[in-house]
Amino acid sequence: MEGRPIPGYPQNKKPLIQGVSLLEDLLSTTGTVVDRGLEGVSVGSTLLSNVEGQVGRLTYRGYDIDDLAANSSFEEVVHLLLYGHLPTVTELDALKRELASRRALPAPLISAMQSVPKTAWPMDVMRTIVSGLGLFSPVNEKGEHVSDVHTAIELIAKMTTILAAWDRIRRGLDPVEPRADLSHAANFLYMRTGKVPADIEADAVNTYLVLLADHGYNASTFSARVTASTRADIYAAVTSAIATLTGDLHGGAATASYTNIVTIGTPENAEKFVRDTLARGERIMGMGHREYRVRDPRAKHLEAMARKLSEYHGDSHWYAIARKLEDESNKVLQEAKPDRKIYANVDFYTAPVLADLGIPGDEFVCLFACGRMAGWTAHVLEQLADNRLIRPQVAYVGPPAGPYLPIEQRGAIAAAGR
Ligand code: COA
């Protein structure tokens, strides 16, 4: 999936225009290094998380995601990312109180959501309302928004409120006010349904948010840091990040993966689905990763959660399809692309977990954003603490500099290639 051909761009390394040789030739003469996907290129440093793709390990500030998923609340992980260490009991209490006190949305933003067409895509609503939060945030004496740890906590606190409110509004229901006595995960489910969730359901959301909280310089985090590097404020930076997360090569894969299990319908159809998808030249969403050459370390936790939830609800439908789809994808992809190690990523088992919790497929990427807001804001603060404008170069492969064309001469010369 290379995307649309761009007119004038040397697709498939064909000569662009007469007189300009292949991209590689041009670059070899200038000595410029080009990597279109920045694969393997370090563009900065971070203290926040480490993705070890060859061994399949993810750590947040040195803590293995396996330990955090098994033992920590999302609130503890927020503290770890924003303050640099896991909290003491007192610190955790203070953070929980602050998060709870910042959950409610400004009333005009609820009204704005109520006037949006019910068919609006949830990620579009979330991006717009997060951007709108900047309109209600205090500014300093220079008229700038304050980008600090408390703004970060505010953004993290409000994300699940936005998602739950939009979920209800689009169903024709009134939003449910957040409760201060519930955990971040439990309060999210409560605001969707008006009922306090079972522990296993709140645990599933908590684990999901912990697993998604940060992941190195992924595309959306990179967007946030690029935006912050211009000294734009934290609202602008996370709005860029949300926009970047929407694509199906990034967070949108969770929704696409859900569409797949719905389309497959029953485990027996999984193999045909995989073969047909690859025969059409398409990708299996939820499979493959830029960094991991083994199964994504987050997938096992989500798979275990999907299995537990299916047992709890007495319905293994989604889990069984996902399980079979992973097996068939591994088998068929191994045959089709033996040189490329393509395994399940975090989005693969997001689908059965969130589907079992009754969350609609088009909201999966929004919940991803709720977790990742912890990482985005921590990265923005890290960027601002030691900022340098992120401004790479691009290899120009267009026509050489030439004379300006008066309008009456343009038709013939343009047809000749300039
Ligand atoms: N299904 C089928 N083939 C896949 C694949 C998938 N999910 N992921 C990668 N490939 C294939 C590509 O077609 C390509 O084959 P080719 O060399 O014959 O053209 C090869 O593997 C390398 O792909 P490339 O796009 O260069 O790898 P990448 O490092 O950019 O891929 C992803 C990373 C995530 C973009 C890619 O695996 C993908 O598109 N996955 C599906 C979307 C997804 O789940 N995204 C969420 C990521 S957390």
Side-chain angles (χ1 to χ4, degrees), residues 60 63 65-82 86-87 92-105 122 126 152-168 175-214 251 254 298 301-310 312-313 346-347 349-360 363-378:
Y60 299 163
Y63 289 98
I65 194 71
D66 288 347
D67 295 324
L68 294 170
N71 301 303
S72 280
S73 64
F74 178 63
E75 289 88 331
E76 286 175 273
V77 168
V78 167
H79 194 285
L80 175 65
L81 291 172
L82 291 182
L86 283 172
L92 183 58
D93 278 352
L95 177 61
K96 282 180 174 172
R97 273 199 304 279
E98 182 168 357
L99 280 165
S101 71
R102 293 178 183 270
R103 281 178 182 154
L105 297 177
M126 183 167 253
I153 293 168
E154 170 106 13
L155 281 159
I156 296 163
K158 286 183 166 43
M159 287 294 277
T160 43
T161 315
I162 296 169
L163 176 54
W166 175 244
D167 178 79
R168 289 183 69 86
V176 169
E177 290 287 318
R179 262 177 57 173
D181 60 326
L182 296 175
S183 71
H184 194 72
N187 177 59
F188 165 61
L189 291 172
Y190 167 75
M191 289 188 296
R192 292 188 78 251
T193 62
K195 295 192 195 96
V196 176
D199 287 349
I200 185 174
E201 295 172 320
D203 283 352
V205 172
N206 183 70
T207 304
Y208 180 75
L209 296 174
V210 166
L211 293 172
L212 272 293
D214 198 33
R298 300 164 295 179
H301 298 285
L302 291 171
E303 185 192 353
M305 198 47 88
R307 188 169 30 74
K308 273 196 224 163
L309 278 174
S310 72
Y312 173 74
H313 290 126
V346 70
D347 292 322
Y349 284 99
T350 292
V353 169
L354 300 190
D356 264 356
L357 291 169
I359 297 171
E363 293 178 16
F364 291 2
V365 59
C366 300
L367 197 60
F368 184 153
C370 293
R372 187 55 56 84
M373 185 56 86
W376 289 333
T377 51

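None of these values were measured; they are calculated from a predicted model. Throughout, residue positions are numbered sequentially from 1 according to the sequence presented.
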Straight-line distance of Arg97 CZ to Leu92 CG, nearest 0.5 Å = 10.0 Å
Side-chain contact, heavy-atom cut-off 4.5 Å: Glu201 with His313?
-> yes
What's the spacing between Phe188 CZ and Thr193 OG1 if we round to 0.5 Å?
-> 9.5 Å
Donor-acceptor pair, side chain of Asn187 and main chain of Leu182, under 3.5 angstrom | no
From Phe364 atom CZ to Asp347 atom CG, the distance as rounded to the nearest 0.5 Å = 10.5 Å
Roughly how far, to the nearest 0.5 Å, is CG of Leu155 from SG of Cys370?
-> 11.5 Å
Heavy-atom nearest pair, Pro175 first then Ala165, reads CB-CB, 4.1 Å
So how far is it from Leu302 CG to Leu212 CG, rounded to the nearest 0.5 Å?
-> 7.5 Å
Closest non-hydrogen atom pair, Leu309 against Ala204 | CD1-CB, 3.8 Å
Is there side-chain contact between Phe74 and Ile156, with at least one heavy-atom pair below 4.5 Å?
-> yes
How far apart are the closest heavy atoms of Thr207 and Met305, and which atoms are they?
-> OG1-CE, 3.5 Å
More than 12 heavy atoms from other groups under 6.0 Å of CG on Asp199 | no
Non-hydrogen side-chain atoms of Ser183 and Asn206 separated by less than 4.5 Å | no
Looking at side-chain heavy atoms only, is the closest gap between Leu367 and Leu209 below 4.5 Å?
-> yes
Would you mind reporting whether Met159 and Leu163 have side-chain heavy atoms less than 4.5 Å apart?
-> no
Nearest atoms (heavy-atom pairs only) where Val353 meets Ala306 | CG2-N, 3.6 Å
Can you tell if the side chain of Arg168 reaches within under 4.5 Å of the side chain of Met191, non-hydrogen atoms only?
-> no
Would you say the side chain of Val205 lies within less than 4.5 Å of the side chain of Thr160, judging by non-hydrogen atoms?
-> no
Identify the two heavy atoms, one from Val210 and one from Ser72, that lie closest to each other, and give their separation to 0.1 Å.
-> CG2-O, 3.8 Å
Provide the closest heavy-atom pair for Ala254 versus Thr350 in the form atom of the first, atom of the second, distance.
-> CB-CG2, 3.9 Å
Give a yes or no on whether the backbone of Leu81 and the side-chain of Tyr60 come within a donor-acceptor separation of less than 3.5 Å.
-> no
N/O donor-acceptor pair under 3.5 Å between Glu363 side chain and Pro122 backbone = no
Can you tell me how far the CG atom of Leu211 sits from the CG atom of Asp66, to the nearest 0.5 Å?
-> 9.0 Å
Judged by atom type as modelled, is there a donor-acceptor pair below 3.5 Å linking the side chain of Arg192 to the main-chain atoms of Ala164?
-> no
Is a side-chain N or O of Lys195 found less than 3.5 angstrom from the main chain of Tyr190, in a donor-acceptor match?
-> no
State, yes or no, whether a side-chain contact exists between Arg103 and His184 at a heavy-atom distance under 4.5 Å.
-> yes
Should Arg179 and Val196 be marked as a side-chain contact (heavy atoms from CB on, under 4.5 Å) after you check the CA-CA gap, both sets of side-chain angles, and the distance that decides it?
-> CA-CA 10 Å; Arg179 262 177 57 173; Val196 176; 3.6 Å; yes
